[in-house]
Amino acid sequence: MNRLAQETSPYLLQHAHNPVDWQPWDDEALARARDEDKPILLSIGYAACHWCHVMERESFEDPLTARVMNEHFVSVKVDREERPDLDAVYMDAVVALTGQGGWPMTVFLTPGGEPFFGGTYFPPEPRHGLPAFKQVLLAVAEAWNERRDEVYDSGGRLVEHIRSGARLEASTDPLTSQLLTEAQRNLGDGFDPNWGGWGRAPKFPPAPVLEFLLRRGEEEMTRRTLDGMALGGMYDLVGGGFHRYSVDQQWLVPHFEKMLYDNALLASVYRRAWRRLGDERYRRISDETIDYVLRELALEGGGFASSQDADTNGVEGLTFTWVPGEGAPDELLKPFEGGRYVLRGELDEDTRARLLEQRAARPQPGRDDKAIASWNGLMLAALAQAARTEPAERLAEFLLGPLSTADGRLRRTWRDGAAKGTGYLEDYADVAYGLMELHVATGDPRWLREAHRLTTLAVDLFADDDGGGFFQTPRDGEQLVARKKELDDHPTPSGNAMLAYVLLRLARIWGDDQLEHRGVSVLRLVADTVVRMPSAVGWMLVALDQHLAPHRELAIVGAVDAPVARAAVERAAETDVIAFGPADDVPLLAGRAEVDGRAAVYLCERFACSLPVTEPDRLPAPGRPR
């Protein structure tokens with residue numbers, strides 16, 4: 001047993017009995033590398049990662065490989081979900097070295113943390129143009145011992161490359177709607193007109209891009225993608241919810257892991273599509289996805305687990321696939337591998353229920369039962385948008401209670417009653433977003449106040465006052481070789497994009513020009529990127545659309561279920577901001593009251609408000625549906 005046995009991450013615990021002398025990333029491991037004058041072998045993965053399991057079986061459980069690692073390196077294992085900052089820094093290095101990234105990620109560092117060589121999966125024997133892992137180990141050890149100057153030169157160049165990514169030049173050109181128009185047009189360039197989505201294979205669900213296109217009223221690319229993903233295969237027709245991605249162009253054969261963040265984002269986007277396009281199938285997909293999360297990922301205390309594995313008993317997709325004669329309709333069976341099949345088509349409710357009961361009796365995939373703040377924030381938004389207010393409020397209490405410190409800062413993860421790790425930018429942004437959505441769903445001003453508190457705290461902790469935008473790590477966090485700004489969706493909305501979106505909404509409720517300036521500072525960093533690479537920055541486009549939209553605020557005082565309040569929310573445009581009161585400490589609501597004991601809606605533009613409306617039929621015509 002190695003030091004990982006003291007960790008809480010299920011991924012790290014999976015490796016606690018390897019013959020490798022694994023260390024967690026901490027001061028003790030880094031000091032050991034310095035004291036023993038050994039390079040660090042940094043291995044980064046996550047619990048639901050299929051190829052991480054493969055490399056463990058092939059290499060990390062092999063005594064000979066472990067002996068080489070223990071002799072020549074200080075081997076450090078990191079859960080990328082616990083430490084997205086480490087993952088981001090060293091993924092940049094691997095992409096710079098190899099042209100591609102992925103997990104498991106293997107990076108070799110100097111004792112000071114400078115990366116000098118790396119890759120992703122390495123096989124136990126040479127194949128497919130990849131060297132054997134033991135060959136890599138011995139070659140790196142030789143370079144460290146015989147060509148130390150070259151190693152440090154390489155590390156210095158890579159660190160400078162990584163740091164340069166945070167030194168983006170902010171655009172001084174006006175931010176105009178032309179940027180949105182060009183981005184929408186350019187999204188058509190890589191679009192698959194047959195099956196939807198972008199690119200060929202593998203295909204990942206593009207939830208942030210679809211959110212942007214729905215806001216723009218674009219139907220062809222949106223419908224094609226939503227329909228393609230929901231056909232079955234990548235979408236679980238039996239249990240609901242989406243697998244991580246499709247290995248083919250047709251969304252048919254999935255990579256079977258299921259991630260909380262995918263299902264949160266897709267539940268939101270399918271519900272948005274139902275409201276925007278009026279197709280009941282989209283609401284059903286959203287509901288089934290939320291039902292899956294509530295059934296399979298719910299934790300004691302109100303939070304949600306991170307993921308389910310791709311593998312069951314070491315076999316990929318074993319739980320989710322079928323063989324003829326097991327009861328699944330033969331006409332829906334599509335080949336996977338090993339004589340097993342995935343389901344694609346339509347299931348009636350009786351058949352679906354029968355197959356789900358049958359499948360529940362099988363061995364189940366492992367579950368990574370740590371709760372991650374940012375992913376739970378996205379799930380909070382999905383629950384609130386679906387009016388699942390009871391689990392949403394339990395989740396909000398969990399995020400602001402067990403997953404927060406005594407002084408109100410967010411932790412990154414929680415498992416078995418223990419919260420750990422600093423909250424990163426995406427944690428603050430996503431939780432604030434979820435709280436704002438919960439405020440709209442419940443009318444409780446508490447959630448709006450908490451969203452504002454977390455957002456202003458995030459500005460204090462993460463803002464780059466000189467260059468604009470926000471760093472991924474807090475100013476008082478661990479100092480790595482580089483402090484990065486994450487601007488692309490990976491695949492969750494980047495912390496910068498989500499915080500910009502939240503800032504712009506809160507700025508209109510608080511009448512706070514400084515909050516708006518902070519949000520716009522993010523958009524100025526990506527003014528060129530949103531046009532050149534729109535598929536990589538979908539949520540940044542959502543934030544830009546929010547910034548450029550007409551300023552319209554709805555101040556609603558009274559019960560959330562009052563007819564005029566319900567009608568106002570239903571008719572609100574996606575870019576309208578909504579605040580429920582009474583709450584005199586919220587500027588938009590200050591001085592607003594019910595009228596003769598009846599709920600009232602005040603329609604405002606830049607805080608200039610009309611007379612209160614108490615009857616639904618006196619509200620203006622609907623905008624772009626929320």
Side-chain angles (χ1 to χ4, degrees), residues 1-87 89-91 93-94 102-113 115-124 132-134 136-138 140-141 144 306 309 311 314 366 368-370 412-413 415-416 418 420-421 478 480:
M1 188 175 293
N2 53 53
R3 287 185 64 215
L4 299 186
Q6 306 304 314
E7 295 296 305
T8 58
S9 159
Y11 175 67
L12 299 185
L13 291 170
Q14 288 169 7
H15 294 267
H17 296 278
N18 294 163
V20 178
D21 186 16
W22 288 116
Q23 309 288 310
W25 180 280
D26 61 9
D27 291 342
E28 181 178 337
L30 301 180
R32 180 174 169 181
R34 292 192 299 269
D35 293 344
E36 297 181 7
D37 192 32
K38 288 182 178 179
I40 296 167
L41 189 164
L42 177 63
S43 177
I44 300 181
Y46 57 103
C49 167
H50 170 70
W51 286 103
C52 299
H53 299 322
V54 171
M55 193 165 177
E56 180 187 17
R57 290 194 299 268
E58 293 176 341
S59 295
F60 303 146
E61 292 179 352
D62 175 57
L64 180 58
T65 303
R67 188 183 311 160
V68 176
M69 293 172 67
N70 294 339
E71 179 180 351
H72 295 287
F73 303 95
V74 172
S75 297
V76 175
K77 177 64 75 172
V78 165
D79 182 340
R80 68 175 294 261
E81 297 169 355
E82 283 192 331
R83 292 298 303 264
D85 55 336
L86 288 168
D87 184 62
V89 166
Y90 293 115
M91 183 63 76
V94 169
W103 300 275
M105 180 165 59
T106 308
V107 198
F108 297 90
L109 320 176
T110 70
F116 60 88
F117 184 74
T120 53
Y121 164 79
F122 290 105
F133 187 46
K134 285 191 290 291
V136 173
L137 295 174
L138 293 172
V140 172
W144 177 255
S306 298
D309 280 5
D311 299 358
D368 185 334
D369 59 353
K370 69 177 182 296
R412 173 65 177 177
T413 65
R415 184 173 184 265
D416 286 345
K420 63 181 291 188
E478 181 181 356
L480 303 180

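Predicted model only: the values in this text are computed from it and were never measured.
For the atom pair OG of S43 and CE of M55, the computed distance is 6.0 Å after rounding to the nearest 0.5 Å. A distance of 12.0 Å separates NE2 in H15 from OG in S75, rounded to the nearest 0.5 Å. Here the CG atom belonging to L86 is positioned 5.0 Å from the CH2 atom belonging to W25, to the nearest 0.5 angstrom. Between atom CZ of residue F60 and atom CZ of residue F133 there is a gap of 5.0 Å, rounded to the nearest 0.5 Å. Distance check, rounded to the nearest 0.5 Å: CH2 of W51 to OG1 of T120 gives 10.5 Å. Put simply, OG1 on T8 and CZ on R415 are 6.5 Å apart, with the number rounded to the nearest 0.5 Å.
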**Request:** Might you work through the side-chain contact (heavy atoms from CB on, under 4.5 Å) test for D87 and M105, ending with a clear yes or no?
**Result:** CA-CA 9 Å; D87 184 62; M105 180 165 59; 3.5 Å; yes
**Request:** Kindly determine whether Y121 and V54 satisfy side-chain contact (heavy atoms from CB on, under 4.5 Å), including the steps that lead there.
**Result:** CA-CA 9 Å; Y121 164 79; V54 171; 4.1 Å; yes
**Item:** From CA spacing to verdict: salt bridge (Lys or Arg N to Asp or Glu O under 4.0 Å), R83, E478
**Value:** CA-CA 11 Å; R83 292 298 303 264; E478 181 181 356; 2.9 Å; yes
**Prompt:** Could you go step by step and tell me if E58 and F122 meet the side-chain contact (heavy atoms from CB on, under 4.5 Å) rule?
**Reply:** CA-CA 10 Å; E58 293 176 341; F122 290 105; over 6 Å; no
**Asked** Step by step, would you call Q23 with V74 a side-chain contact (heavy atoms from CB on, under 4.5 Å)?
**Response** CA-CA 8 Å; Q23 309 288 310; V74 172; 4.1 Å; yes
**Request:** Give the C-alpha distance, both sets of side-chain angles, the deciding distance and a yes or no for salt bridge (Lys or Arg N to Asp or Glu O under 4.0 Å) between D85 and R412.
**Result:** CA-CA 11 Å; D85 55 336; R412 173 65 177 177; over 6 Å; no
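What you find for P24 and A29 is that their closest heavy atoms are O-CB, 3.3 Å. In plain terms, the two heavy atoms of L13 and L4 that are nearest each other are CD2-O, 3.5 Å. Minimum interatomic distance between S306 and E81 (heavy atoms only, all atoms of both residues): CB-OE1, 4.0 Å. Smallest separation of non-hydrogen atoms from W103 and I44: CD1-O, 3.6 Å. Taking each heavy atom of V140 and F117 in turn, the nearest pair found is CG2-CD2, 3.8 Å. Heavy atoms only, all atoms of each residue included: I40 and A33 are closest at CG1-CB, 3.7 Å.
Side-chain contact between T65 and L137 is present, with at least one heavy-atom pair separated by less than 4.5 Å. Side-chain contact between K370 and E82: present, with at least one pair of heavy atoms (C-beta onward) separated by less than 4.5 Å.
Side-chain contact, K77 with Y11: a donor N or O sits under 3.5 Å from an acceptor N or O. Side-chain contact annotation: W22 with E7, donor-acceptor N/O pair under 3.5 Å absent.
Looking at N70, its side chain does come within 3.5 Å of a backbone N or O of D21 through a donor-acceptor pair. A donor-acceptor contact shorter than 3.5 Å links the side chain of H53 to the backbone of A47. In this structure a side-chain-to-backbone donor-acceptor pair under 3.5 Å is present from K38 to E71. A side-chain donor-acceptor contact under 3.5 Å links N2 to the backbone of V20.
Between F108 and F73, the ring planes are tilted. Angles from 30° to 60° get that label.
Between R3 and E28 there is a salt bridge, since at least one side-chain N of the basic residue sits less than 4.0 Å from a carboxylate O of the acidic one.
In D27, the CG atom is not crowded: 12 or fewer heavy atoms of neighbouring residues, nucleotides or ligands sit closer than 6.0 Å.
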